[in-house]
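So the structure is just underneath, and the comments pick up after that.
Only this structure's heavy atoms are used, side chains among them; waters, hydrogens and symmetry mates stay out.
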Amino acid sequence: MQISAYATAYMRQPDYAPETVRILFDALRNPIAQRSIATGVWADRHDEFRGRRLTWKVLADRVRPAIRLVEEVGEVHRDSRWPCRYTHRVHVHLGSLWRDIAASVPAYVDSLTLA
C-alpha cells in the first residue's frame with residue numbers, strides 16, 4: 001500500500017495507477033517471486049481479476065508507459081512436458097521505469113521538507 005501511495009502521489013499518472021503497481025509488486029518484485037514461478041506464468045488471485053494468468057517481457061528500452069498489461073493469449077513452454085497457458089503479458093520497459101522513479105524523487109524530497 002505504501003508503494004502504491006508513493007506512485008500515486010509522485011509518479012506519472014495514469015502510468016502508475018494502483019493496479020499497475022500491484023502487478024509490478026506482486027508478480028515481478030524480486031528474483032524470489034520469479035524463481036518460484038517455475039512455469040513462467042503468474043496466476044492473479046486478486047478477487048476482481050481471478051483467473052487472469054500473466055507472463056512478462058522485460059525490455060531495456062524507453063517505451064512508455066514503462067509498465068503495460070496487454071491481453072494476449074498463449075502458452076509458455078519451459079523445461080516441463082506441459083505447456084502453461086496465459087491470458088495477459090506484462091511489458092516492463094526498464095529504461096522508462098528507472099527514469100520515472102528518478103523523476104519522482106525531487107517531489108518526494110520536497111514533501112519531506114514541508115512536513
Side-chain angles (χ1 to χ4, degrees):
M1 289 176 57
Q2 292 172 334
I3 294 170
S4 184
Y6 178 92
T8 299
Y10 304 108
M11 297 184 75
R12 177 190 295 251
Q13 294 300 322
D15 292 4
Y16 295 95
E19 175 59 10
T20 301
V21 173
R22 183 185 73 81
I23 289 170
L24 180 65
F25 186 78
D26 286 352
L28 307 171
R29 73 180 170 267
N30 59 45
I32 294 168
Q34 289 187 15
R35 288 188 191 120
S36 68
I37 304 172
T39 63
V41 174
W42 177 66
D44 195 342
R45 288 180 169 55
H46 191 273
D47 288 341
E48 186 178 347
F49 303 106
R50 194 170 303 277
R52 189 166 67 175
R53 300 171 58 79
L54 288 73
T55 190
W56 51 88
K57 182 184 278 189
V58 179
L59 305 142
D61 61 25
R62 293 161 70 167
V63 171
R64 295 215 174 269
I67 304 160
R68 187 169 49 101
L69 180 64
V70 178
E71 191 171 333
E72 177 183 319
V73 176
E75 292 181 344
V76 171
H77 299 270
R78 289 254 171 126
D79 296 333
S80 71
R81 292 185 227 167
W82 300 279
C84 191
R85 297 184 54 82
Y86 60 88
T87 62
H88 294 75
R89 183 180 299 272
V90 180
H91 295 252
V92 180
H93 304 278
L94 296 176
S96 297
L97 180 59
W98 80 260
R99 284 172 174 81
D100 290 345
I101 292 168
S104 73
V105 172
Y108 175 67
V109 170
D110 285 347
S111 74
L112 294 177
T113 59
L114 296 175

- request: Treating Ile, Leu, Val, Met, Phe, Trp and Tyr as nodes and any side-chain heavy-atom pair under 4.5 angstrom as an edge, say whether Leu112 and Ile3 lie in one connected cluster.
  value: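 Yes; Ile3 is reachable from Leu112 via cluster members.
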- prompt: Is there a path of hydrophobic side-chain contacts, each under 4.5 Å between heavy atoms of I, L, V, M, F, W or Y residues, that connects Met1 with Met11?
  reply: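 Per the 4.5 Å side-chain linkage, Met1 and Met11 are not co-clustered.
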query: Which heavy atom of Val21 sits nearest a heavy atom of Ala7, and at what distance?
result: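 Result for this residue pair: CG2-CB, 3.6 Å.
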query: Once you round to the nearest 0.5 Å, how far does CG of Asp26 lie from NE2 of His46?
result: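 Between Asp26 CG and His46 NE2, I get 8.5 Å after rounding to 0.5 Å.
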- request: Step by step, work out the side chain to side chain contact (heavy atoms under 4.5 Å, CB included) result for Leu24 and Tyr16.
  value: CA-CA 10 Å; Leu24 180 65; Tyr16 295 95; 5.6 Å; no
field: Members besides Val41 in its Ile/Leu/Val/Met/Phe/Trp/Tyr cluster (side-chain heavy atoms under 4.5 Å)
entry: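 ILVMFWY cluster around Val41 also holds Val76, Tyr86.
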- request: May I ask you to test the Trp42-Asp44 pair for a side-chain heavy-atom distance under 4.5 Å?
  value: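 A side-chain contact exists here, since the closest heavy-atom pair is under 4.5 Å.
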- request: Using a 4.5 Å cut-off on heavy atoms from C-beta on, say whether the side chain of Ile67 contacts that of Leu97.
  value: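 The answer is yes, as the side chains (C-beta and beyond) meet within the 4.5 Å cut-off.
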So does [Y] get a backbone contact from the side chain of [X], meaning a donor-acceptor N/O pair under 3.5 Å?
X     : Y     : value
Ser96 : Val63 : yes
Arg99 : Gly95 : yes
Thr87 : Arg53 : yes

task: Could you walk me through whether Phe49 and Arg22 pass the side chain to side chain contact (heavy atoms under 4.5 Å, CB included) test, one step at a time?
output: CA-CA 12 Å; Phe49 303 106; Arg22 183 185 73 81; 3.7 Å; yes
query: Pairs in or reaching into residues 93-114: which pass ring pair (Phe, Tyr, Trp, His ring centres under 6.0 Å), with residues at least two apart or in two chains?
result: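 Non-adjacent pairs meeting ring pair (Phe, Tyr, Trp, His ring centres under 6.0 Å): Tyr6-Tyr108, Tyr10-Tyr108.
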- prompt: Any chance CZ of Arg50 has more than 12 other-residue heavy atoms, nucleotides or ligands included, within less than 6.0 Å?
  reply: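 Atom CZ in Arg50 is packed in, count exceeds 12.
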message: Would you say that more than 12 heavy atoms from the other residues, nucleotides or ligands in this model lie under 6.0 Å from the CZ of Arg64, or not?
response: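 Count over threshold, so yes.
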Side chain to side chain contact (heavy atoms under 4.5 Å, CB included) evaluation trace for Arg52 with Leu69: CA-CA 11 Å; Arg52 189 166 67 175; Leu69 180 64; 3.2 Å; yes
task: Enumerate the residue pairs fulfilling salt bridge (charged side-chain N to carboxylate O under 4.0 Å, His left out) with a member in residues 65-75, sequence neighbours excluded, ordered by first and then second residue.
output: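 Of all non-adjacent pairs touching residues 65-75, those that pass salt bridge (charged side-chain N to carboxylate O under 4.0 Å, His left out) are Glu72-Arg89, Glu75-Arg85.
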- request: Look at Arg62 together with Asp100 and state whether they make a salt bridge at an N to O cut-off of under 4.0 Å.
  value: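 Salt bridge absent between Arg62 and Asp100.
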Val90/Ile23 under side chain to side chain contact (heavy atoms under 4.5 Å, CB included): CA gap, chis, key distance, verdict: CA-CA 9 Å; Val90 180; Ile23 289 170; 3.8 Å; yes
